[in-house]
Amino acid sequence: MDKLPTVRRLPDYLSLLQELSASGEIFTTSSYLAEKIGILPILVRKDIELLRITGTPRVGYPIELFIKRIENFLGWGASLDAFLFGAGQIGTSILANSELMTLGLRIVAAFDNDPRKIMTSVYGVPVFDSAKLEEQLSRNHVGMAILCVPSRYAQSITDKLVASGIRGIWNFTSARLTVPDDVIIQKEALTPGYAVLSARLTRMQSLEYR
C-alpha cells in the first residue's frame with residue numbers, strides 16, 4: 001500500500017481534529033472529515049486503519065487518540081534540529097513559520113554567502129558564512145538540512161551534509177540531488193504546482209469565452 005497520499009492528508013486531519021478538540025468535541029466521524037477535506041469517506045477510513053484507531057458505531061472515533069496517533073505517525077512533537085541553507089525569500093519564509101516549531105522542527109542555524117546577511121539573525125536564527133559549515137556541523141548534532149540555495153550549489157552542499165552524517169534533506173531547489181540509499185530527500189517544487197494551477201485557469205477561462 002502506498003502510504004504517501006495518506007501522509008499528505010494527515011496534517012489536514014490533524015488541523016480539523018485540533019479545532020474539534022478546542023471546541024469541546026470528544027468524537028468525530030469519517031464522513032465529517034471527508035466532507036471537510038473534500039474526499040470520499042472510504043479514503044478516510046483507510047487512512048484511519050493505517051493509524052490503528054478503532055471507532056464506536058454511531059459514535060465515531062475518539063479525537064484525542066486520533067490526534068496522538070497522527071503526531072506519533074508523523075514523528076511530530078519530538079525535537080528535530082536542522083540547518084537551513086539560503087536565507088533568501090524562501091529560506092526567510094521558512095524561518096518565519098512558527099507553526100513548524102510547534103511541530104518539533106528547530107532550525108538552529110542558517111547559512112548564506114551574502115556578506116550583508118552573515119553574522120546577522122533572521123527570526124532569532126543566526127546566519128553564518130557558508131564556508132563555516134563544517135565548523136558548525138562539528139558543534140551541532142542536526143538530523144536534517146533545508147536547502148533554499150541556487151540550484152547550482154545544491155549538490156555540493158548535499159555532498160558535505162551526507163558526509164557529515166545528515167540523513168534527511170528538505171529540498172526547495174530545482175536540483176535533482178544524488179544521494180545514497182540511506183538518505184531521504186523530500187523535494188518541494190514550486191514550478192510544477194504553478195504549472196497545474198496555470199493550466200487549469202487557462203482551460204477554465206477558455207471555456208468561459210466560448
Side-chain angles (χ1 to χ4, degrees), residues 2-12 14-15 68 70-195:
D2 183 6
K3 296 180 181 179
L4 186 57
T6 295
V7 172
R8 292 187 182 280
R9 287 190 289 267
L10 291 182
D12 291 332
L14 184 59
S15 178
K68 289 179 181 178
I70 291 176
E71 290 177 337
N72 290 340
F73 188 91
L74 296 175
W76 287 356
S79 179
L80 177 61
D81 288 353
F83 282 165
L84 181 141
F85 296 85
Q89 292 181 342
I90 294 177
T92 298
S93 68
I94 293 173
L95 292 171
N97 191 332
S98 59
E99 184 178 356
L100 290 174
M101 289 188 290
T102 67
L103 301 176
L105 178 63
R106 192 170 76 101
I107 301 174
V108 297
F111 297 85
D112 205 283
N113 289 331
D114 188 340
R116 295 169 298 179
K117 297 174 183 176
I118 295 169
M119 301 308 295
T120 64
S121 176
V122 179
Y123 292 99
V125 177
V127 181
F128 296 98
D129 188 334
S130 296
K132 301 290 185 181
L133 171 58
E134 293 183 5
E135 177 184 327
Q136 291 300 317
L137 282 169
S138 66
R139 293 182 178 181
N140 296 276
H141 298 287
V142 297
M144 186 178 84
I146 305 169
L147 297 188
C148 308
V149 297
S151 298
R152 62 184 180 276
Y153 300 123
Q155 186 63 57
S156 61
I157 293 173
T158 296
D159 293 342
K160 292 178 181 178
L161 293 170
V162 172
S164 71
I166 299 293
R167 291 296 176 263
I169 297 175
W170 199 0
N171 181 19
F172 284 85
T173 79
S174 60
R176 296 183 180 276
L177 302 175
T178 301
V179 297
D181 291 339
D182 61 346
V183 175
I184 299 170
I185 299 285
Q186 175 61 39
K187 183 174 173 57
E188 304 294 346
L190 299 181
T191 303
Y194 170 67

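Basis for what follows: all heavy atoms, side chains included, without hydrogens, waters or symmetry-related copies.
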Any ring pair (Phe, Tyr, Trp, His ring centres under 6.0 Å) involving residues 84-110? Give me the pairs, sequence neighbours left out, ordered by first then second residue. Phe85-Phe111
Between Thr173 and Pro150 (side chain of the first, backbone of the second, donor and acceptor by atom type, cut-off under 3.5 Å), is there such a pair? no
For Arg8 and Asp12, the nearest pair of non-hydrogen atoms, with its separation, is O-OD2, 4.3 Å
Listing request: all side chain to side chain donor-acceptor pair (under 3.5 Å) pairs with a residue in residues 133-144, at least two apart in sequence or in separate chains. Glu135-Arg139, Gln136-Asn140
Tell me, do Leu161 and Leu147 make a side-chain contact under 4.5 Å, heavy atoms counted? yes
Between the CG atom in Leu80 and the CG atom in Leu103, the distance rounded to the nearest 0.5 Å is 11.0 Å
Around atom CZ of Arg167, are there more than 12 heavy atoms from other residues, nucleotides or ligands closer than 6.0 Å? yes
Look up atom CG in Asn97 and atom CG in Leu105, then write down how far apart they are to the nearest 0.5 Å. 9.0 Å
Search all heavy atoms of Ile90 against all heavy atoms of Ser93 and return the closest pair with its distance. O-OG, 2.6 Å
Nearest heavy-atom contact between Asp112 and Gly88 is OD2-N, 4.2 Å
Can a donor-acceptor pair be found, under 3.5 Å and without considering hydrogens, that links the side chain of Lys117 to the backbone of Val127? no
At their closest point, which heavy atom of Leu95 faces which heavy atom of Ala110, and how far apart are they? CD1-CB, 4.5 Å
Pairwise side-chain contact, Phe83 with Ile166, heavy-atom cut-off 4.5 Å (strictly under): no
Main-chain N/O of Trp170 paired with Glu188 side-chain donor or acceptor, under 3.5 Å: no
Do you know the tightest heavy-atom contact between Ala175 and Ser151? N-OG, 3.7 Å
Counting only heavy atoms from other residues, nucleotides and ligands, does the tally under 6.0 Å from CD1 of Ile184 exceed 12? no
Could you give the distance from CG (Leu10) to CD1 (Ile70), rounded to the nearest 0.5 Å? 5.5 Å
Is there side-chain contact between Val142 and Val108, with heavy atoms separated by less than 4.5 Å? yes
Ignoring hydrogens, what is the shortest heavy-atom contact between Gly91 and Leu84? Give both atom names and the distance. O-CD1, 3.8 Å
Do Trp76 and Thr102 touch side chain to side chain, with heavy atoms closer than 4.5 Å? no
Distance check, rounded to the nearest 0.5 Å: Ser15 atom OG versus Glu99 atom CD? 7.5 Å
Would you say Tyr123 and Ile107 make side-chain contact, with heavy atoms under 4.5 Å? no
